[in-house]
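The next block holds one structure in the form of C-alpha cells; read it before the comments.
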Amino acid sequence: MNIQILELNETLQEKYEVKKFIFKMIKESYGLDYVPKYHYDVIGLEEYYIKPKNSNFYIAINENDKLVATAAVRGYDRDYHIKNRNYNKISTASIYRLFVDPEYRHNKIAMRMIKNIENFCKKQDYNEIYLHTQKNSYGALPFWIKQGYIIVDDTHNEMGTIHMEKVIKNPILIKNQIKNLEKIEIT
C-alpha cells in the first residue's frame, strides 16, 4: 500500500476537503454532528494548525489521490485538571483529530502519522505529548499503549475518557538543564 503523508496547507485542505473528511469521521466514530464546544478547531484548521509554528496537521493520501487519514498536534490548551500533571501550552503538545478511514485501518498509517507528530514535537522542544481517548473508541487504547503512551488518569466518566501522555524528553536531562541554568550568572 502506497500511502503518502503530507503536512497540511491551505491548498491541500481545499483539494482534499479535509474538514468534510473529519466531520464524516466524527459522525461515524462518535455519532456527533458539529458541536462548537468540541469541534471549533476543525472549523479553524488554519488558525489552530496551519499558521502557528508550534502546531501541525498531517494528512495521508493513498495511491488514488484520496484522503484516508488525518492527525494534528498543537500546544496543550485545555483546562482539564489531571492529577499530578502540570501541562501547559509551551512544554506540552496535544494530539488531535487522529482518524483513519475504516477501509485503511490496520495498515500502520496511524503509527506513521504519530511518528511524524513525535518528531515534530521533538523539533519544537515539547517535553511531553498529551492526548485523551475513550475506552469504547475502536482500538484506540491498545493502539496508544503500543505506541508508548501511558495512562495518567482514568476519569471513569460516562464517555469512558482516558488521559494519556508520552514523555519525549528525558526528565533527568531536563532537571540537569534547569540546574545548569540556575548556575549561570546574568551580568
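Tyr16 has its side chain out of reach of Thr70: every pair of non-hydrogen atoms, C-beta onward, lies at least 4.5 Å apart. Contact check for Gln134 versus Tyr30: side-chain heavy atoms found under the 4.5 Å cut-off. The side-chain heavy atoms of Trp144 and Leu131, taken from C-beta on, include a pair separated by under 4.5 Å. The closest side-chain heavy-atom distance from Asn107 to Ile3 is not below 4.5 Å. Ile22 is listed as a side-chain neighbour of Phe57, based on a closest heavy-atom distance under 4.5 Å. Residues Phe23 and Ile43 are in side-chain contact: their nearest non-hydrogen atoms beyond the backbone lie under 4.5 Å apart.
For Glu118 and Lys122, the salt-bridge test fails: no basic side-chain N is under 4.0 Å from an acidic carboxylate O.
Ile90 and Ile129 fall into different hydrophobic clusters, defined by Ile, Leu, Val, Met, Phe, Trp and Tyr side-chain heavy atoms under 4.5 Å apart, directly or through other members. Hydrophobic clustering keeps Val68 apart from Ile61 (ILVMFWY residues linked when any side-chain heavy atoms are closer than 4.5 Å, directly or through intermediates). Linking ILVMFWY residues whenever their side-chain heavy atoms come closer than 4.5 Å, directly or via other members, places Val100 and Met164 in the same cluster. Hydrophobic clustering, with ILVMFWY side chains joined whenever heavy atoms are under 4.5 angstrom apart, keeps Tyr38 apart from Ile162. Hydrophobic cluster membership is shared by Ile50 and Leu12, with clusters built from Ile, Leu, Val, Met, Phe, Trp and Tyr side chains linked at under 4.5 angstrom.
Taken from OG1 in Thr92 to CG in Asp77, the straight-line distance is 11.0 Å, to the nearest 0.5 Å. Summarising the geometry, atom CD belonging to Gln13 is positioned 5.0 Å from atom NZ belonging to Lys19; distances are rounded to the nearest 0.5 Å. Between the CD atom in Gln147 and the NZ atom in Lys166 there is a gap of 7.0 Å [rounded to 0.5 Å]. The CG atom of Leu67 sits 9.0 Å away from the CG atom of Asn62 when rounded to the nearest 0.5 Å. In this structure, OG in Ser94 is found 10.0 Å from CD in Glu128, a value given to the nearest 0.5 Å. How far CG of Leu98 is from OH of Tyr58: 13.0 Å, rounded to the nearest 0.5 Å.
Side-chain rings of Phe99 and Phe21 stay apart, their centers remaining 6.0 Å or farther from each other.
When each of Asn56, Leu6, Ile5, Val73 is paired with Asn116, the side chain to side chain contact (heavy atoms under 4.5 Å, CB included) condition holds for Ile5 and for no other.
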- Start with the C-alpha gap between Ile95 and Tyr149, add the side-chain angles, then the distance that decides, and say whether side chain to side chain contact (heavy atoms under 4.5 Å, CB included) holds. CA-CA 12 Å; Ile95 295 176; Tyr149 289 77; 3.6 Å; yes
- Let me see the working for Ile151 and Leu141 under side chain to side chain contact (heavy atoms under 4.5 Å, CB included), right down to the final yes or no. CA-CA 9 Å; Ile151 297 171; Leu141 196 54; 4.1 Å; yes
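Counting heavy-atom neighbours within 6.0 Å of Lys115 NZ, excluding the residue itself, gives a total above 12. Enclosure of atom CG in Asn88 by more than 12 non-hydrogen atoms of other residues, nucleotides or ligands within 6.0 angstrom is indicated.
Remark: Ser137 engages no residue in a side-chain hydrogen bond (donor to acceptor under 3.5 Å, both in side chains) (not counting sequence neighbours). Residues satisfying the salt bridge (charged side-chain N to carboxylate O under 4.0 Å, His left out) criterion with Asp41, sequence neighbours excluded, are Arg74, Arg97. The salt bridge (charged side-chain N to carboxylate O under 4.0 Å, His left out) search around Lys15 returns Asp65, not counting sequence neighbours.
Put simply, the side chain of Lys169 never gets that close to the backbone of Tyr126: no donor and acceptor are under 3.5 Å apart. Of the possible donor and acceptor atoms, one in the side chain of Thr155 sits under 3.5 Å from a partner among the backbone N and O of Thr161. Between the side chain of Asn64 and the main chain of Lys66, no donor-acceptor pair closer than 3.5 Å is present.
Residue pairs meeting the salt bridge (Lys or Arg N to Asp or Glu O under 4.0 Å) criterion with at least one partner in residues 133-152, sequence neighbours excluded, are Lys135-Asp154. Pairs engaging residues 42-56 under the salt bridge (Lys or Arg N to Asp or Glu O under 4.0 Å) rule: none recorded [sequence neighbours left out].
Ring-plane geometry between His39 and Tyr34 is classed as tilted, the angle between the planes lying from 30 to 60 degrees on a 0 to 90 degree scale.
Ser55 and Gly75 get closest at one heavy-atom pair: OG-N, 4.4 Å.
Clustering of Ile, Leu, Val, Met, Phe, Trp and Tyr side chains at separations under 4.5 Å places Tyr130 together with Tyr76, Tyr80, Ile82, Tyr87, Ile150, Val152.
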